[in-house]
Amino acid sequence: MSESPERVDEIFSADVFSRAVMRQRLPKEVYKSLLRTIDRGEPLDSKVADVVAATMKDWAVENGATHFTHWFQPLTGLTAEKHDSLVSPDGQGGVVFNFSGSDLVQGEPDASSFPSGGLRATFEARGYTAWDPTSPAFLIRGQGGTVTLCIPTAFVSWTGEALDTKIPLLRSMEALSKQARRILKVFGTDAGVSQVFTTVGPEQEYFLIDRDLFFARPDLLSCERTLFGSRPPKGQQLEDQYFGTIPARVLACMHEVERELWRLGVPVKTRHNEVAPGQYEIAPLFEQSHIASDHQMLTMETIKRVAQRHGLAALLHEKPFAGINGSGKHNNWSMSTDTGVNLLDPQDETHTNLQFLVFLVAVMRAVDLHADLLRASIASAANDHRLGANEAPPAIISIFMGAMLSDILEQVEQGLPKRTLRGGTLDLGARTLPQLPRHSGDRNRTSPFAFTGNKFEFRAVGSSASIAWPNTVLNTIVAESLDYIATELEKAGANPSPAKLQEAVLKILKREIKEHKRVIFDGDNYTPEWHKEASKRGLPIMADSVAAFPILKSKKTVDLFKAYGVLNKAEVDSRYHISVEKYVKQIGIEADTAVTIARTMVLPAALQHQELLAGALNGLESAGVKSPEQKKALEDFAGLVSALRKTTAKLEKAAAHHSDDPYKHAQHIRADVKPAMAELRGVVDTLETWVASELWPLPTYQDMLFLE
């Protein structure tokens, strides 16, 4: 049942210190000054900060808040918060609520205990959080009536180097805005435009399982994926889960998630069953990239928190279950002016829209030149399980343009474009059904980077990842291409005639299309033929994260980020080291967990079952009944138990090896630890199909994937 309009007004953004709240509560001049900071990037007046802080405190206290926190996103890939009380002694035996401008603007968490990739030594602890006024403060309501004022902030070292994901993202947005405005100026369409934003609408896939079963699986507790588990008889073969009826228990959970997100100002729009059993999706409307990134983190946290209230556990891992689809986070990315113009909107007569074609070709050029960096931006141990399977793009970065755009680009390469393909209408053959307008091109769900109407969908981002880093990379590489094209166009002189501008634009586009069209592929990215073709074209093919990580520290990458003020060399190097160390630690935890489960849970169950088989055989023989089949079954099972001991010991030995060089350790993990884990899993999964169900110590896929 839908909410009444009045009730929706009460729910939506009720826990956000929004513009509407600020406009109502702040003095007019303070409000205008703050908007200049938010919208134009003007420095924040300290006097304004004091007034905003007092007003924000009053609003939060009225809504039940007792504490505040600087909410930030360190390089753990998660969020962080340190709560401080809003209550202070008044010096007369009582208390007052106190929150100053300095409390709002700056905090000081311990920087030594967060990943820094060498930017900070353990004994160097000082770091600062800095208020991001462009991202609205919000209230988090916890159990027991707790309410905390959360202030989105950036996290920086005492030395001034970025220790988080927000600072580089904001820098990359500014870099792209600067170069995009140069393009608009060339076309004379920059009137009234002070900023160009990148926008994102990230779709989030996730699994829900029964919470009691979650706690009965040590691998899910420690690794958020099942290290063992044989396929159930029914998985996703019938393709009946996708867009199917949402189970009542799940729908109730989804509804509560949506209501909480609406209160936090997150504009979630879509919910549905995904392809795999037990898999679901939630998707928001588009927002500016840094707001979307903050809201994405809130979405993941809210899903996990609310699921608990419904007796469920939410799994955000890219591949929690083998043999069925994993989860991604489709990153729908575009560029828009602050006057509301989407720069990737082709419009009706696309072949005449030269400005659009310039932005389109700039993205194509960026992806071709930096496909390796884009691939590295989504590299992780978790995403390695998903990429390349028939559920996600392969680890080859290519662009899908669609029939209409591919045709126009081909026309440009050959000369002057003269037509735009039309989609027409679909007649469904029944008079009671409407004729449907058909798009000029199909969609391609196998492409890692697909144009979908007025945006690009970067489908390779992992479901558990923050979108901040992939979007930082995407913004920066596109800024570089816009810079290059703007410089070429500016050679035509200031205010060129329409004919001269068209000539200059077509000359550049023709050259860039010819040079970079190799990255365009509109076919099936899953086929082996595409891998061969991509290799022939010279596209980078990095099958796993270990192959991709070195790109993060290459001279080409360092020079790119440095040139556009997004990251300095030390900051780039830190991202490389953190990525490698996280990979090593994550798989190390998985290997140790697999050994523990195999030795302390699976082996005792297998020995019990072996004892039952032996007892049954002895009983038959004592009764004078010869049963070679029973004996063979016991021998085969004893062989599996022996294999379990051997593969457990093999994995334990492989996991015990360490190298002082984290990258060499990662190479060892790829070459030795992961194959040993796969070998042990093969034995355990076979045992699961043999051991009596009442003896098997782990909830099975059949138990977990089908919620009632």
Are side-chain heavy atoms of [X] and [Y] found at a separation under 4.5 Å?
X: Val572; Y: Leu552; value: no
X: Asp368; Y: Glu515; value: no
X: Glu287; Y: Pro267; value: yes
X: Val367; Y: Phe458; value: no
X: Pro43; Y: Thr37; value: no
X: Thr165; Y: Phe155; value: no
X: Ile151; Y: Thr69; value: no
X: Ile477; Y: Leu369; value: no

Rounded to the nearest 0.5 Å, how far does [atom2] of [Y] lie from [atom1] of [X]?
X: Glu301; Y: Leu78; atom1: CD; atom2: CG; value: 8.0 Å
X: Leu374; Y: Ile551; atom1: CG; atom2: CD1; value: 11.5 Å
X: Glu349; Y: Thr352; atom1: CD; atom2: OG1; value: 5.5 Å
X: Ser463; Y: His330; atom1: OG; atom2: NE2; value: 9.5 Å

Notebook entry, point to check: Is the Phe451 ring parallel, tilted or perpendicular to the Phe456 ring (thresholds 30°, 60°)?
Noted result: perpendicular
Notebook entry, point to check: Which is it for Arg171 and Tyr564 under the side-chain contact (heavy atoms from CB on, under 4.5 Å) test, yes or no, and what are the steps along the way?
Noted result: CA-CA 8 Å; Arg171 291 171 180 171; Tyr564 294 94; over 6 Å; no
Note to self: Before we go on, tell me: are the rings of Trp469 and Phe561 under 6.0 Å apart, centre to centre?
What the structure shows: yes
Next item on the list: State yes or no: are the ring centers of Phe114 and Phe72 separated by less than 6.0 Å?
Entry: yes
Quick check against the 3.5 Å criterion: does [X] have a side-chain atom that pairs as donor or acceptor with the backbone of [Y]?
X: Asp338; Y: Val193; result: no
X: Asn383; Y: Ile378; result: yes
X: Ser336; Y: Val341; result: yes
X: Glu258; Y: Val268; result: no

Heavy-atom count around [X] [atom1] within 6.0 Å, excluding the residue itself: above 12?
X: Lys553; atom1: NZ; answer: no
X: Glu503; atom1: CD; answer: no
X: Lys500; atom1: NZ; answer: no

Item checked: side-chain hydrogen bond (donor to acceptor under 3.5 Å, both in side chains) assessment of Thr557 paired with Ser554 -> CA-CA 5 Å; Thr557 297; Ser554 68; 3.0 Å; yes
Next item on the list: Please assess Ser33 against Asp45 for the test side-chain hydrogen bond (donor to acceptor under 3.5 Å, both in side chains), listing each intermediate value before the final yes or no.
Entry: CA-CA 8 Å; Ser33 176; Asp45 187 326; 5.4 Å; no
Checklist line | Carboxylate-amine/guanidinium contact Glu205 Lys329, below 4.0 Å | finding: no
Next item on the list: Would you sort out whether Ile282 and Leu261 count as a side-chain contact (heavy atoms from CB on, under 4.5 Å), showing the intermediate values?
Entry: CA-CA 11 Å; Ile282 186 171; Leu261 289 174; 3.9 Å; yes
Next item on the list: Show the numbers, then the answer: is there a side-chain hydrogen bond (donor to acceptor under 3.5 Å, both in side chains) between Thr153 and Asp132?
Entry: CA-CA 5 Å; Thr153 56; Asp132 174 14; over 6 Å; no
Next item on the list: Run through Arg365, Lys517, Arg518, Lys507 and flag the one making a salt bridge (charged side-chain N to carboxylate O under 4.0 Å, His left out) with Glu512.
Entry: Arg365
